[in-house]
Amino acid sequence: MDMVVNTFVQLYKDSGFINITYKQVIMIAIACVLLFLAIVKEYEPLLLLPIAFGMLLVNLPGSNIMAPPQYVVDPATGLAVLDELGRPVVKQIGGLFWYLYQGVELDIYPPLIFLGVGAMTDFGPLLANPSSLLLGAAAQLGVFTTFIGARLLNFTNQQASAIGIIGGADGPTAIYLASKLAPELIGPIAVAAYSYMALVPIIQPPIMRALTTPEERKIRMGSIRTVSKKEKIIFPIVVTILVVLILPSVAPLLGCLMLGNLFRESGVVDRLSDTAQNALINIITIFLGLTVGATANAEVFIQPQTLMIIALGLFAFSLSTVGGVLLGKLMCKITKGKINPLIGSAGVSAVPMAARVSQVVGQQEDPGNFLLMHAMGPNVAGVIGTAVAAGVFLAMFGPK
Amino acid sequence: MSVLAESLWTTLICFTIVFLVLIVLIFIMKFQHYVIEKINSIGAKKKPSQATAVETAQTTYNAEEDEELVAVITAAIAAALGRPASSLVVKSIKMVDTANPSWADAGRREQIDSRF
């Protein structure tokens with residue numbers, strides 16, 4: 001009888017119930033809210049669901065799913081004992097997510113995601129109207145102004161850069177920059193970046209309406225020219241050569257984006273293009289989502305600076321929208337009403353959500369107005385703009 | 001330098017670099033479009049000689065004797081249907097689509113020629 005009781009007592013002592021902290025309870029609640037948003041509200045479910053589940057798993061006490069491996073240490077020297085091949089002898093292997101997380105820590109996943117994004121992106125609207133690249137640049141306004149805000153709140157240059165990039169609304173770039181410059185903030189930054197990407201249809205329209213007149217919103221932009229196959233093939237090659245020569249640090253991100261696009265446009269490697277935009281990006285999304293979510297453990301996440309990052313992220317994202325719309329207005333004035341300022345907000349790189357928002361807001365004013373293709377130009381320009389902004393930050397504050 | 005001034009400078013420099021890089025890209029895209037257009041227009045200039053040839057051919061074709069045309073069309077229909085020409089009565093022959101671009105005609109003719 002004693003043995004049975006002891007077994008149950010031991011089971012209870014080993015269980016999570018006795019070890020759970022109030023911070024972990026809060027994190028589990030947050031994870032459940034995110035799961036609700038992903039499943040019921042369908043806000044960016046492809047990413048929010050794995051992120052939320054990763055967050056849930058890592059905050060269940062005793063799971064050790066994110067624990068690093070432990071090595072045998074020589075008590076005399078305090079150094080790890082090496083085997084005959086010179087590798088440290090493992091005492092206990094790490095948790096599953098710790099190994100998967102190496103793809104984030106070593107900056108492997110974000111460029112691979114970009115490979116898939118490139119294979120899914122049609123640069124045609126951008127090539128048809130190259131000046132929309134300016135809107136993609138203007139929509140980085142939030143990134144840089146938030147950098148100032150974060151510096152004033154005592155974040156370091158590196159941390160401020162990683163927080164500011166949330167304004168670009170580009171998850172992989174935000175994770176890439178955070179893992180290079182401020183790995184300690186990767187959890188809150190990724191959660192903020194993906195939450196705001198998901199909330200694009202809620203955050204952007206009020207700003208767009210406040211900054212434009214009904215007449216401006218009604219502007220119709222006509223049809224865009226057809227872009228030849230040759231142009232679409234040459235574009236990724238030229239951009240890669242030029243931008244990587246200017247900003248070498250952006251090579252992994254931009255190079256993969258353009259390689260993916262070349263897969264798509266060349267028409268000779270359909271199998272590779274198909275893998276990049278389906279199987280590969282899906283696999284990487286699972287790994288990235290789960291492990292980024294798993295970085296949000298209670299001890300790191302429940303701190304005042306997380307709230308600050310989330311607030312600064314919202315500020316960054318809103319200001320980026322403002323930047324895009326304001327330049328859109330300026331371009332509207334210069335071209336004497338040929339450009340609808342609403343496409344400016346699509347300069348934040350949440351593809352294709354931000355372009356869809358431009359379309360919806362335009363149609364609310366004039367149901368016969370089709371802005372989607374015009375907004376895709378600034379939208380893909382935003383992806384390039386955010387990658388370039390990240391490259392500039394890396395060049396200035398990155399490890400030398 | 002105070003944090004504010006320093007970060008303002010950083011922002012200004014970074015924002016300017018982003019704009020400059022993207023402006024350079026705009027010029028590259030425009031230049032690329034210009035070059036491709038040029039190459040295409042050079043290619044297009046070479047083609048007109050072929051087009052004239054097709055047009056001349058068409059004129060001669062139209063100028064042919066009506067009777068001969070009727071005979072050819074009747075024979076073609078008979079061959080296509082697999083019935084003797086004597087069982088067919090051609091009542092009228094009309095040009096169906098006069099708005100055909102000459103390149104389409106040329107292509108069609110090429111297809112037919114390649115089969116006979």
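Here the structure is a predicted model, which is why all the values come from computation and not from measurement.
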Residues B/F15, A/V392; criterion side-chain contact (heavy atoms from CB on, under 4.5 Å); working and verdict = CA-CA 9 Å; B/F15 213 14; A/V392 175; over 6 Å; no

Under 4.5 Å from a heavy atom of chain B, the part of A/N154 involved | neither

Chain B heavy atoms under 4.5 Å from A/L134: which part of the residue, side chain, backbone, both or neither?
-> both

Counting only heavy atoms closer than 4.5 Å, note whether B/L12 contacts chain A via side chain, backbone, both or neither.
-> neither

Check: B/T11 side chain, A/T145 main-chain N or O, donor-acceptor pair, under 3.5 Å = no

Heavy-atom distance under 4.5 Å to chain B: side chain of A/A138, backbone, both or neither?
-> both

Could you tell me which non-hydrogen atom of B/L22 sits nearest to which non-hydrogen atom of A/A137, and how far apart they are?
-> CD1-CB, 3.4 Å

To the nearest 0.5 Å, what is the distance between CD1 (B/I39) and NZ (A/K230)?
-> 6.0 Å

Between the side chain of B/Q32 and the main-chain N/O of A/E231, is any donor-acceptor distance below 3.5 Å?
-> yes

Decide if atom NZ of A/K338 counts as having more than 12 heavy atoms of other residues, nucleotides or ligands within a radius under 6.0 Å.
-> no

Considering only heavy atoms and a distance below 4.5 Å, find which of B/I23, B/I13, B/V24, B/T10 pairs most often with chain A.
-> B/T10

Rounded to the nearest 0.5 Å, what's the gap from CG on A/L126 to CE on B/M29? Could you check?
-> 3.5 Å

To the nearest 0.5 Å, how far apart are SG in B/C14 and CZ in A/F393?
-> 5.0 Å

Cut-off 4.5 Å, heavy atoms of chain A, and the answer for B/I36 is side chain

Can you name the closest pair of heavy atoms from A/A389 and B/V18 and give their distance?
-> CA-CG2, 3.8 Å

Using non-hydrogen atoms and a 4.5 Å limit, figure out which bit of A/I246 sits close to chain B: side chain, backbone, both or neither.
-> side chain

Could you grab the distance from atom CG of A/L152 to atom CG of B/L8, nearest 0.5 Å is fine?
-> 8.5 Å

Assert top hit (heavy-atom pairs under 4.5 Å, partner chain B, pool A/V227, A/I234, A/V238, A/V143) equals A/I234

Kindly compute the distance separating OG (A/S132) from CD1 (B/I26), expressed to the nearest 0.5 Å.
-> 7.5 Å

Separation between CG of A/L327 and CZ of B/F19, rounded to the nearest 0.5 Å | 5.5 Å

Given the options B/L25, B/V21, B/I17, which has more heavy-atom pairs under 4.5 Å with chain A than any of the others?
-> B/L25

Portion of A/F123 that has a non-hydrogen atom of chain B nearer than 4.5 angstrom | neither

